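Before any comments, here is the structure.
We number each residue from 1, following the sequence as shown. Just so we're clear, the structure is a prediction, and the values are computed from it rather than from any experiment.
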Amino acid sequence: MHETVADLSGRLLSEARRRNYVTPTPFLELINTYKTLLGKKRERVNLLIKRYNGGLGALQDAETSVNTMAEEQLALQPGLVQAKEDTEVFSGKVEAKVPEVGCETRVTNVRASAYHGTQSTEKSEHVIDTDGGNDISSAGRRMMMGMARTG
């Protein structure tokens with residue numbers, strides 16, 4: 001077959017002075033395969049470009065959000081400093097009242113035990129007076145010792 005095509009191509013050249021090139025089929029298939037692979041590779045690269053651009057867009061959005069939050073934080077900073085100072089003042093007031101609360105708790109506990117008939121009110125008040133406001137547990141021990149002596 002190749003010889004016939006080659007003979008006819010020579011005859012065309014001599015009669016019409018025109019060249020006829022014959023390309024083998026395997027070479028044409030190779031070119032088509034290359035074009036197919038090139039198309040697939042281009043699709044893959046385009047997909048990666050889209051992902052890359054999408055990632056860049058997400059990073060830019062995140063940067064914008066972070067910058068906005070940083071500006072908001074700077075704007076709120078004076079208010080946070082004032083809130084911290086207010087909290088410290090309030091904590092100082094609470095700590096100043098803590099001994100009073102502890103004393104009121106001891107009085108309430110002694111009165112409750114007197115109400116239930118475990119001890120007389122005079123002895124309960126004596127326990128509070130001798131306690132000197134140190135702590136609740138020592139007042140409780142002294143009260144129990146006073147109850148044991150009377151019982």
Side-chain angles (χ1 to χ4, degrees), residues 1-2 5-6 9 12 18-151:
M1 172 106 174
H2 291 286
V5 171
S9 291
L12 181 64
R18 190 166 173 200
R19 288 202 176 260
N20 180 31
Y21 296 99
V22 179
T23 307
T25 304
F27 185 72
L28 294 174
E29 289 176 4
L30 175 69
I31 291 174
N32 284 333
T33 304
Y34 177 78
K35 287 168 66 177
T36 303
L37 290 175
L38 181 64
K40 289 180 181 178
K41 196 61 156 174
R42 283 183 178 163
E43 288 175 11
R44 177 73 176 149
V45 168
N46 286 335
L47 176 66
L48 292 174
I49 288 172
K50 286 180 184 178
R51 286 183 182 174
Y52 180 77
N53 288 333
L56 283 178
L59 287 173
Q60 289 171 346
D61 290 343
E63 180 183 15
T64 303
S65 296
V66 167
N67 289 338
T68 302
M69 286 187 271
E71 290 172 4
E72 290 173 358
Q73 182 184 13
L74 288 175
L76 293 174
Q77 191 67 27
L80 294 173
V81 170
Q82 181 62 38
K84 181 180 177 184
E85 292 173 1
D86 293 345
T87 303
E88 289 175 359
V89 169
F90 183 71
S91 295
K93 289 179 182 179
V94 169
E95 288 176 5
K97 291 189 177 198
V98 166
E100 296 172 15
V101 172
C103 183
E104 290 173 9
T105 303
R106 283 190 287 258
V107 171
T108 304
N109 288 341
V110 171
R111 287 185 182 156
S113 63
Y115 177 76
H116 293 293
T118 57
Q119 189 174 0
S120 70
T121 305
E122 294 85 23
K123 289 182 183 175
S124 299
E125 289 173 356
H126 175 59
V127 170
I128 293 171
D129 289 339
T130 59
D131 180 33
N134 289 338
D135 65 351
I136 296 172
S137 61
S138 64
R141 280 195 301 272
R142 290 181 186 154
M143 188 171 74
M144 295 302 282
M145 289 173 52
M147 288 173 49
R149 287 184 200 146
T150 60

Just list the side-chain donor-acceptor pairs under 3.5 Å for residues 82-94, sequence neighbours left out, or say none.
residue	atom	partner	partner atom	Å
Q82	NE2	D86	OD1	2.9
T87	OG1	A83	O	2.8
S91	OG	T87	O	2.9

Could you tabulate the donor-acceptor pairs under 3.5 Å formed by side-chain atoms of residues 62-75, not counting sequence neighbours?
residue	atom	partner	partner atom	Å
T64	OG1	Q60	O	2.9
S65	OG	D61	O	3.1
N67	ND2	E63	O	3.3
T68	OG1	T64	O	2.9

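- Distance check: N32 CG to L37 CG gives 11.0 Å after rounding to the nearest 0.5 Å.
- The CG atom of L47 sits 9.5 Å away from the CD atom of E43 when rounded to the nearest 0.5 Å.
- With sequence neighbours excluded, the residues that form a side-chain contact (heavy atoms from CB on, under 4.5 Å) with L56 are Y52, N53.
- Interatomic distance, L38 CG to Y34 OH, rounded to the nearest 0.5 Å: 5.0 Å.
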